[in-house]
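So you know, we letter chains A, B, ... as the sequences are listed, proteins then strands, and number each from 1. Because the structure is a prediction, the values reported are computed rather than measured.
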Amino acid sequence: MARQAPSTVSEELMTEEKNRLEKYNPHEVEPRWRATWESSNIYKTDLHSSKPKHYMPTMFPYPSGNLHIGHWYAFSIPDTRARFMRMQGFEVLFPMGFDAFGLPAENAAIKNNIDPAKWTYSNIEYMTTQFKRMGTMIDWETTELKTCDPEYYKWNQWFFVQFYKRGLTYKKESFVNWDPVDNTVLANEQVIDGRGDRSGALIERRLMSQWHMKITDYAEELLNFDGLEWSEKVRVMQTNWIGKSVGAEVDFATPAGALRVFTTRPDTIFGATFMVLAPEHPMVAALTKPEKLEEVTAYQAVAKLASDIDRTAEGKEKTGVFLGSTASNPFTGKEIPIFISDYVLVTYGTGSIMGVPAQDARDWDFAKKFNLEIIRTVQTPADWDENKPFMGDGVAINSDFLNGLNVTEAKTRMMDELEQTGKGNRKTTFRLRDWLISRQRYWGTPIPIIYCDKCGQVPVPEEDLPVLLPENPQFLPTGQSPLTLLEDWKNCTCPKCGGAGVRDTDTMDCFVDSSWYFYRFLDPKNTQSAINSELVNKWSPADWYTGGIEHAILHLLYARFWTKAMRDMGLINFGEPFTRLMNQGIILGEDNEKMSKSRGNVIDPDNLVDEYGTDTVRLYLQFIGPWDQGGPWAPKGVNGLANWLGRVWNLFLESPDKTTENIPLIDLEYAIHYALKKVTEDTEAFKFNTSIAAMMELSNFLGKAKRSNLYGTTEWNIALETFNLMLAPYAPHIAEEIWHRTGHIGSVHLESWRAFDPSKLVKDTFEMVVQVNGKVRGKTEAPSNITDAEAFALARGLENIRGHVEGKETVKEIYIKGRLVNIVVKG
RNA sequence: GCGCUGAUAGAGAAAUGGUAAACUCACCUCGCUUAGAACGAGGAGCUUGCGGGUUCGAGUCCCGCUCGGCGUACCA
């Protein structure tokens, strides 16, 4: 339908047209400011500043080739908080580096015949350009830290040697986890459900001689999280991994000598009716009667071949073989049969247990299967199903001198007895094993050890470090490190005797690299020492460390261990690397599924930035929900944030149409301080989504207020300036552009955060809700300092309330300050 | 099995025990008719997974249940 506007309106529109503000164009504004910030170096951290420090490393990325949306989520959001802390007056270090050693480079090299170093360095170069588009306050000098640089891994080797000298690094032969796809051994922490964490291959057991770090020396201390603000989830996961069990070791007499078991329930010994050894237990042979030999050998063979998955499969029926021998229960004197079974692990405790079926579900199953005696030694509750083992607390029965004691008392009494009689002793066992760090791979830190026929293992002297990773490796599927093929490199002279020596040809697990890099950031170019102790002591522990939950055990446990070892070497004066830890969630695809190429739901941040600009992408990622929760990607939501920034742009820079409304000044001040309080507190608490919502509410209010009498007043200008500052950490580019267009000189990012004024949040009056029996029946304006009695009187005076209360008995009257009155009546 | 965690309009997501519920997107109406996958004005939509309980008052606290996510699992 065609319409004809009156000519006067047309003219008015035409004038407006002329004055119309150019639309916000992030593609012009954002790169311009990034260039300015870089050239004026405004994000350089002064490590010697007298301001209070705030150290905020994030788990540094692996140079896989591309920054994905998860990287944006992990790095751009902490950047907002880093910027906020900076505006709050802290000297903030927000570093970045690259975790550059690792298998993907080597696998890419094998597949495409590229040098892993070239692949890695070119990825780093490209990812750095991508990083810069994120508009962060990263101090780029720290990206000197690339773990594959000899200047970095030299210090891995240095630490290795120092730890070696202190007995923290040692080589031992043991059954290790062999990944047949990646052709290397793995640490226990890298085996998930019996499979390699990277390759997914079923892990095999191999007996090999490998280098270990003695993390078990710190098992007890690693259980202590005092002073750390870490999520319960991570603390529980680490605690379970370390797996401390307090109990006792007890000797049982057998024809082959004392058989030692570990138990957490020494109070149940009187109920021990059989023994079980792991199939690999060293005493098996001696305890096997000749007529049982064949059966035992067969069982051992099956157990050896079975993977851990098969051995520990859910609901697996108990199996085992009676060895033909018996042991003597040290307290009852009874002879009890000795079995082997794969439910007992040779790697835990003593590799042997006493079977107490009445108080242990596994032993119960085993006893039922083999028809063994079951003796209750803890009184079961009255309504207990007698066809089940009882693991709970109760009074000891059938247990001689323990009878009548509860479980805790009985344990103590029995452990005292064991120690007095010499039949056993108190013992604490950990599930945690020493950290296996050898890898039969090329792309890692060479292990600085030389083997000499005369001198044995000889650490490479400090002055000869680094042991450089040789160039031009050959990758052959030999199951040995590629370094073994490089004869020239491998053969050397023994530093001790000068004779012929051979280098260790394995490289270190790359979790070694990431165990201390956050200290190196404070002096990444240091050629004299691994770290600058003075700066590290000043800046560490990190105030806030963030990254994915997948490192809850691996990296975070190793980093804590390394820190404690460094402390004990006297390098640093604290024992925990990260005071506060937070794990971001995962950004899912539009379909609420994990992003993957095969699902075709991958969101490419580069495309988004091309379309909307950096600020919009950052804002959207923060607005999507709580940061630790992650969430699905909603393409239309991004558009919403882009539009909001457009409205904010207009709010600041466009002249208002006309003044129509009258808004009290007090409302403006309330709005701005309300938002300021919310944004300050929420940013502090990492609640970016609600912080942005508060800014949206503010901008909605200001949009209205702009067409009121408030426009152009001093208070109006202060309000806008305050809003501009609040926006700066969240949308750094547009905030900077607005800052300059509204007449400011100097970067908004060098400004201070405004403190909110609580007095502006106090109103003289409030809208008092009046309820009768909990239902809203009226509302009235009331003075904020109203007393209870006055509030009730005021409420009762309301016409629509009278109807509900008159002639009825009042049961109760409640006044909630500044909110409501509830009158409870009866009848 | 155990531990942690979640369930609020079509989607995402707020809410110190206090007005049956922010904010954004999507949707509807009107205006503008081109700053256009824009802008302005307005509107509709959730009795907060289910069942009990505590309370003057419950999305919020307690008990039970259902469904989902994450972790862990013969560790003696």
Would you write out the dot-bracket form of RNA chain B, 5' to 3', with Watson-Crick and G-U pairs under 3.5 Å, [ ] for crossing pairs, | for pairs to other strands and . for unpaired bases? (((((((..(((.....[....))).(((((.......))))).....(((((..]....))))))))))))....
Start with the C-alpha gap between A/Gln584 and A/Thr546, add the side-chain angles, then the distance that decides, and say whether side-chain hydrogen bond (donor to acceptor under 3.5 Å, both in side chains) holds. CA-CA 7 Å; A/Gln584 75 270 10; A/Thr546 61; 5.0 Å; no
What's the closest nucleotide to the [X] side chain, out of [options]?
| X | options | result |
| --- | --- | --- |
| A/Asp342 | B/U24, B/C74, B/A76 | B/C74 |
| A/Tyr348 | B/C74, B/A76, B/A38 | B/A76 |
| A/Glu611 | B/A37, B/G18, B/G40 | B/A37 |
| A/Glu697 | B/A14, B/C74, B/A22 | B/A22 |
| A/Leu820 | B/A76, B/U24, B/U19 | B/U19 |
| A/Met237 | B/U19, B/C4, B/G71 | B/G71 |

Could you check whether [X] gets within reach of a base, just the sugar-phosphate, or nothing at all, counting any heavy atom under 4.0 Å?
| X | result |
| --- | --- |
| A/Val824 | sugar-phosphate |
| A/Lys775 | nothing |
| A/Gly625 | sugar-phosphate |
| A/Asp363 | nothing |
| A/Asp365 | nothing |
| A/Glu813 | nothing |
| A/Asn240 | nothing |
| A/Asp360 | nothing |
| A/Lys687 | sugar-phosphate |

Separation of the [atom1] atoms in [N] and [M], to the nearest angstrom:
| N | M | atom1 | value |
| --- | --- | --- | --- |
| B/G53 | B/A58 | C1' | 11 Å |
| B/U8 | B/U48 | C1' | 4 Å |
| B/G45 | B/C32 | P | 27 Å |
| B/G59 | B/C46 | P | 16 Å |
| B/A26 | B/A37 | C1' | 13 Å |
| B/U66 | B/G51 | C1' | 11 Å |
| B/C74 | B/U16 | P | 41 Å |
| B/U60 | B/A7 | P | 11 Å |

A/Lys427 to A/Phe262 six-membered ring, cation-pi geometry met (6.0 Å, 45°):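 Here A/Lys427 fails the 6.0 Å and 45° test against A/Phe262.
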If I take atom [atom1] in residue [X] and atom [atom2] in nucleotide [N], what distance separates them, rounded to the nearest angstrom?
| X | N | atom1 | atom2 | answer |
| --- | --- | --- | --- | --- |
| A/Met391 | B/C2 | CE | C1' | 12 Å |
| A/Lys368 | B/C74 | NZ | C1' | 19 Å |
| A/Met695 | B/A22 | CE | P | 20 Å |
| A/Leu798 | B/U19 | CG | P | 18 Å |
| A/Asn822 | B/G18 | CG | P | 13 Å |
| A/Leu588 | B/G6 | CG | C1' | 14 Å |
| A/Lys704 | B/C39 | NZ | C1' | 15 Å |
| A/Lys427 | B/A76 | NZ | P | 14 Å |

Think [X] has a side-chain N or O under 4.0 angstrom from the OP1 or OP2 of [N]?
| X | N | result |
| --- | --- | --- |
| A/Lys817 | B/G18 | no |
| A/Gln771 | B/A20 | yes |
| A/Asn639 | B/A38 | yes |
| A/Thr350 | B/A76 | no |
| A/Gln629 | B/G12 | no |
| A/Arg647 | B/C39 | yes |
| A/Arg260 | B/A76 | no |
| A/Arg707 | B/G40 | no |

Hey, mind stepping through A/Thr350 and A/Glu249 against side-chain hydrogen bond (donor to acceptor under 3.5 Å, both in side chains) and telling me if it holds? CA-CA 8 Å; A/Thr350 58; A/Glu249 284 183 339; 5.9 Å; no
Taking NZ in A/Lys704 as the centre, count heavy atoms belonging to other residues, nucleotides or ligands within less than 6.0 Å. Is the count above 12?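 It does not: A/Lys704 NZ has 12 such atoms or fewer within range.
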Once the angle between the rings of A/Tyr343 and A/Phe366 is folded into 0 to 90°, is it parallel (under 30°), tilted (30 to 60°) or perpendicular (over 60°)?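 Rings of A/Tyr343 and A/Phe366: tilted, as their planes differ by 30° to 60°.
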Kindly assign one of parallel, tilted or perpendicular to the pair A/Phe339 and A/Phe274, based on the angle between their ring planes and the thresholds 30° and 60°.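 A/Phe339 and A/Phe274: perpendicular rings.
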Both A/Tyr620 and A/Lys812 contact RNA chain B. Taking the nearest nucleotide for each, which residue is further toward the 5' end?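 Looking at the nearest nucleotide for each, A/Tyr620 comes out on the 5' side.
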Mapping A/Ile624 and A/Ala694 onto RNA chain B by nearest heavy atom, which one lands closer to the 5' end? A/Ile624
On the side chain of A/Glu654, is there an atom forming a donor-acceptor pair with the base of B/A35 - under 3.5 Å, no angle test?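 Yes, a donor-acceptor pair under 3.5 Å.
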Can you find an N or O donor on one side and an acceptor on the other, under 3.5 Å apart, linking the side chain of A/Asn689 with the base of B/A14? no
Under the side-chain contact (heavy atoms from CB on, under 4.5 Å) test, which residues partner A/Glu28, sequence neighbours left out? A/Asn25, A/Arg32
Given the rule in the side-chain hydrogen bond (donor to acceptor under 3.5 Å, both in side chains) test, do A/Thr810 and A/Arg796 qualify, once you have shown the distances and angles that lead to the verdict? CA-CA 11 Å; A/Thr810 301; A/Arg796 285 175 180 281; 3.0 Å; yes
Looking only at atom types and distance, does a side-chain atom of A/Ser341 sit under 3.5 Å from a main-chain N or O of A/Thr319, one as donor and one as acceptor? yes
Per side chain to side chain contact (heavy atoms under 4.5 Å, CB included), A/Ile734 is matched among A/Leu727, A/Leu619, A/Val29 by A/Leu727
From the options A/Tyr612, A/Trp633, A/Tyr730, select the one residue that forms a ring-ring contact (aromatic ring centres under 6.0 Å, His included) with A/Tyr620. A/Trp633
